[in-house]
Structure formats: C-alpha cells, structure tokens
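Because the structure is predicted, anything quoted here is derived from the model rather than measured. Read the numbers this way: they start at 1 and go in the same order the structure lists the ligands and their atoms.
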Amino acid sequence: MKNSLVKAAAAASLLSQSRRSAASFSPRARRTTIATAGRRTIVASSSSSSSSSSRVLPAPPFHPLGPPWYLSELSVGCTTRCRLPSTSTAAAHPSVVDDDYDGATITRLSSMPDVFLVRDAMSSSDVATLMDGANRRGMKVAGIRRGGGGDDDENNNVVRRGSYLTWIDPFDFDSSVDDDDGGGGPSYCGGFAPEDDGGGDDRGMMTTTVPAPLASVAWDAMSTSRLRFSHDAMNDAMNDRRDLIARAEDVQVARYDPGGGYDYHHDGYGRYLTVLTYLNGVGGTYFPYGDGDGDGDDDDENDDQADGIDGGRGIGGEESNRRCASGGDDVALLTTATSGGFVDEKRGILIVGKEGSDAYTTSTNFQSPSSSSVDRRDHHLAVHPKNIVNIRPGDAIAFYNYDIDGARDMRTLHCSLTVPEEKWIATCWFRSEDLTGPFGSLKKARMMDEWIAKTS
Ligand SMILES: O=C(O)CCC(=O)C(=O)O
Ligand SMILES: [Fe+2]
C-alpha cells in the first residue's frame, strides 16, 4: 500500500503542476500537440512518417463546468498523458518520487457530451484496497427510485437493481478500516497519508480521496473554472497543499450482482464531473449519445482528428433540452432525442471489459416500469464496433454533466446494462456550489470548517 500511496502522491503532485503549466502535459504516443494561438487552436499531428500536418480549429468557447483546456481541445480518439513530477517538485517532496510510476493516459471518447477514458487511473493495489475497504465496511442495497415512488415493491420505479454500495469518507474517522500493518489512519483509494501518521487527531484529514490521476482530471477541471466553492477559506488553506483534493463527494464503491443494472439517468445533483473507475474490469456502461468514433487505442487509423468534434447534431433542440434540464424527465428527453439525436451508425459509446461485448448482444437494458414507454432502449445493440471501448481493471471514465449555461447536459445520459457477471466500480462526483448550494455533505463542510479553524 505504501508504494501506491507514494504513487498517488506523486501523481497528484505532478498534476497540480500541470494545472500551473501547460508544459506539464506532454504529447504522447499519438504525438498530438495542441497550442493555443489567440482565439484559434492549432492542432499539429505527426504520425510514423516524418511529415506533419497542421490545421486550425476554432477555439471552443470557455466552459466553466467543462473539461480543462488540455482536455477540451483534445480531439476524439486522441490521447494525452500525465507527466512525472518536475525535478523541483521531486526535490521539494522526495517522498513522492517513484520511478515505476508512469502516470495515467487520458483519451477523448466523445465530444458532445465530453467523455474521456482515463487508463490506469488506479493501481491494482488501490483497487484491492478499495474493494477490501468496501467489503469490510459493508455494502447496502442500492435502490434508487424515480419519482419517489411509494413502497418497496421491486417494480415500483426502481431504476437500479442487483446493486450494493457504500461510501468511503476520509473524514469519518470512527468508521475507518484499520490497516493490517498497524499504521492506523484510513488509506483508502491511494489516499496520501502523512509520513508521521501515528493515529493522531488529524489522521485522514485533508487526504486525497481519489487516486491521483482521477484527482487530476477533477483538479484541472476545477482550476480552469470560475466556479465558486462553498469554502473559500478552505481554498486558501489548501493553497500550500495543492496535491490534495478535498472538493469531491466521498467515493462511492458499488457492486452489481450478475443480472444487475442501472437504468438510463443523468447524474444530476450538481455533479458536474463524474469519474467512474472499473475496479474488477467489468464494464457495461452505455452512453446512447456518445458521439465518439474511436476505441481508445492510439494506433487506430480511424481515430484521427476532428471526426465528431463538430458533428453539428442536435439532441432534440434547445427547447427540449431546457425543459428536461429544469426538472423534466430524463426518459422523455431520450424519447425526444431519438428522433434526431443519434449519429447514424454510431449509436453511442459502450464500455466493455473482460466480459466481452458479446455479453451485451443478448442483454437488454434494464427497464424500469416508469420508462417502459421508451421504445429504443436497446440501442446499445446497434452501437458501432468502433465505439466499443475496452477497459481493464483500474481504468476510469470521466464525463462532464452540465452544459455551458449550467443546465444539465442530457447527452450524458447513461446506464449500466445488465451485467453478466459481478461488477465493481468506484465513482467520485465533483460538485459545484453554483449548481447545488454548499458543496458536498454538511458533515464534510463542518469538518472542513473545524480543520481550517484549527490550522489557521
Ligand atoms: O455502473 C455503471 O456502469 C454506471 C454507474 C452510474 O452511472 C452511477 O453510479 O451513476
Ligand atoms: Fe451515473
């Protein structure tokens, strides 16, 4: 675990560097370099041949709730990667140096909505720790209901089934899982444990609750935004420890039994960014509006620039978007959008793991009674093979749920198809006070206040 803590800290540190300096994200295997020149974006691409082509794309408008610049300007199918800490960072924080850690890579899967694949987001040790922590904590049945339907009848508006979950809260010291090594302190999810962690009062406080590469996505998203967070003071307090993320909800660990699933939904609740990690390598997440044309592999000829960037398709028009964004029914939008919302022959993005895509050719999407009127819920059956994204344990997807006006972007609708085998995921949501009011849970807010008062 120690090693993964070091890795997590290293990556967190380097990613906070990336926030400060464009140079900290390096071009990678695809050798795509992006630079901004005035209001235009120049994308230079070079492949195996020595020649390179350059072309100019219009700069996307600044989206305070969207991806950071280095991701927003990444074309579908293109990949960037996290870099190791700069020498000065390493010198300042010798404990974060880990020669083995090569960071995560981030590939754009879809442009409208913004969906990314984060490869190797979590080390296998982080994954094991999370699953073990969740098991020891105990998982409860997840029974989310649409429309607050009455009794516990399984058929009453349940949109999630065969699913169990728990939340990992680094601020909840009482329910900390003891480390076998006697180190004390919670160490979930690659959290950064203080070197001198002897179980003192501050153990676990202000720890990173998400593995560093995931944190980086969120961190950069936050750093480029104009969002206000509920705790400006906390921001100040965090200034000296930029490698720590504390603006996320607790991490949710969920397990699906074989046959479990989760109906179409928008993550809502002001969760402008979702980072979902596949812990045991079973996928099944489907985005019916995902417009990608790549499969996440760097070497795919057809993953080349710009397809999907300016597809120009609508999702049922401004009006329906507004209506649903202001509390309408997700499924109603899905129905509306199907009339013109799909890119021909693409039909969304399907995430598949070790279970293989065949597992979903006979599987139907979970169908809750409230959405049975949707006649195209088996769209995943028509997903273009190029839009089937293969994940491995520890890979994550990150998607941005709100549009530029702060309305829910219904194109991020997604579901977990009925899974053929046990599936484990960990999800971290990032919220904006502008969307929700005070950030995170009241309990966390209170504890942050206390921590700030104690340390300032
Ligand atoms: O299990 C999945 O693939 C999706 C989970 C999800 O959408 C959620 O927890 O909000
Ligand atoms: Fe979701």
Side-chain angles (χ1 to χ4, degrees), residues 109-110 113-118 121-122 127 130-131 134 139-146 158-168 210 214 248-290 330-331 333-334 348-355 357 359-360 363 365-366 368 371 377 380 383 388-402 408-431:
L109 300 179
S110 168
D114 286 307
V115 185
F116 299 89
L117 170 68
V118 187
M122 238 185 244
V127 165
L130 255 190
M131 289 172 64
M139 302 179 86
K140 298 207 169 88
V141 174
I144 296 173
R145 284 156 209 284
R146 207 188 287 282
V158 177
V159 296
R160 188 168 188 164
R161 67 170 173 193
S163 183
Y164 307 84
L165 58 84
T166 190
W167 299 85
I168 305 290
V210 290
L214 279 66
E249 290 181 38
D250 301 335
V251 176
Q252 184 193 79
V253 180
R255 188 188 87 230
Y256 296 89
D257 285 341
Y262 194 167
D263 202 7
Y264 284 122
H265 64 279
H266 181 280
D267 281 355
Y269 301 111
R271 292 159 161 169
Y272 68 93
L273 170 60
T274 303
V275 182
L276 187 163
T277 304
Y278 298 92
L279 298 178
N280 71 336
V282 175
T285 315
Y286 177 56
F287 291 85
Y289 300 117
D330 297 353
V331 175
L333 177 64
L334 184 65
I349 292 172
L350 174 60
I351 313 289
V352 171
K354 64 181 180 184
E355 74 279 21
S357 54
Y360 303 111
S363 135
N365 190 353
F366 173 46
S368 74
S371 54
R377 62 178 35 261
H380 65 281
V383 68
I388 295 177
V389 179
N390 294 298
I391 53 91
R392 301 182 288 259
D395 289 346
I397 54 171
F399 48 100
Y400 293 81
N401 294 306
Y402 283 78
R408 289 194 294 166
D409 182 350
M410 300 312 291
R411 294 171 301 193
T412 61
L413 270 180
H414 56 280
C415 66
S416 172
L417 299 171
T418 302
V419 287
E421 55 187 287
E422 190 171 277
K423 164 177 168 179
W424 284 80
I425 54 171
T427 309
C428 200
W429 285 285
F430 297 84
R431 295 190 186 195

Q: For atom 8 (C) of ligand 1, what is the closest protein heavy atom, and at what distance to 0.1 Å?
A: Y262 CE1, 3.5 Å

Q: Which of the numbered atoms in ligand 1 are under 4.0 angstrom from any heavy atom belonging to S416?
A: 1 (O), 2 (C), 3 (O)

Q: Where the side chain of K423 meets the backbone of G283, is there a donor-acceptor pair that is under 3.5 Å apart?
A: yes

Q: Below a 4.0 angstrom heavy-atom separation, can you tell me which part of L276, side chain or backbone, both or neither, approaches ligand 1?
A: side chain

Q: Which of the atoms of ligand 1 are close to T285, meaning less than 4.0 Å from one of its heavy atoms?
A: 2 (C), 3 (O)

Q: Can you confirm whether the side chains of R161 and T418 place a donor and an acceptor under 3.5 Å from each other?
A: yes

Q: Provide, to 0.1 Å, the distance between atom 1 (O) of ligand 1 and the closest protein heavy atom, together with that atom's residue and name.
A: Y256 OH, 2.6 Å

Q: Mind checking whether Y278 and T285 have side chains closer than 4.5 Å, heavy atoms only?
A: yes

Q: With respect to the Fe ion (ligand 2), please indicate if H266 possesses an N, O or S atom at a distance under 2.8 Å.
A: no

Q: Counting backbone and side chain alike, does H265 bring an N/O/S atom below 2.8 Å of the Fe ion (ligand 2)?
A: yes

Q: Check whether any side-chain N or O of H266 sits under 3.5 Å from a backbone N or O of T412 as a donor-acceptor pair, and report yes or no.
A: no

Q: At a non-hydrogen distance cut-off of under 4.0 Å, which region of I351 contacts ligand 1 (side chain, backbone, both, or neither)?
A: neither

Q: Find all atoms of ligand 1 within a distance of less than 4.0 Å from any non-hydrogen atom belonging to K423, and give their numbers and elements.
A: 1 (O), 2 (C), 3 (O)

Q: Counting each atom of ligand 1 from 1 as listed, which ones have a heavy atom of H265 under 4.0 Å away?
A: 6 (C), 7 (O), 8 (C), 10 (O)

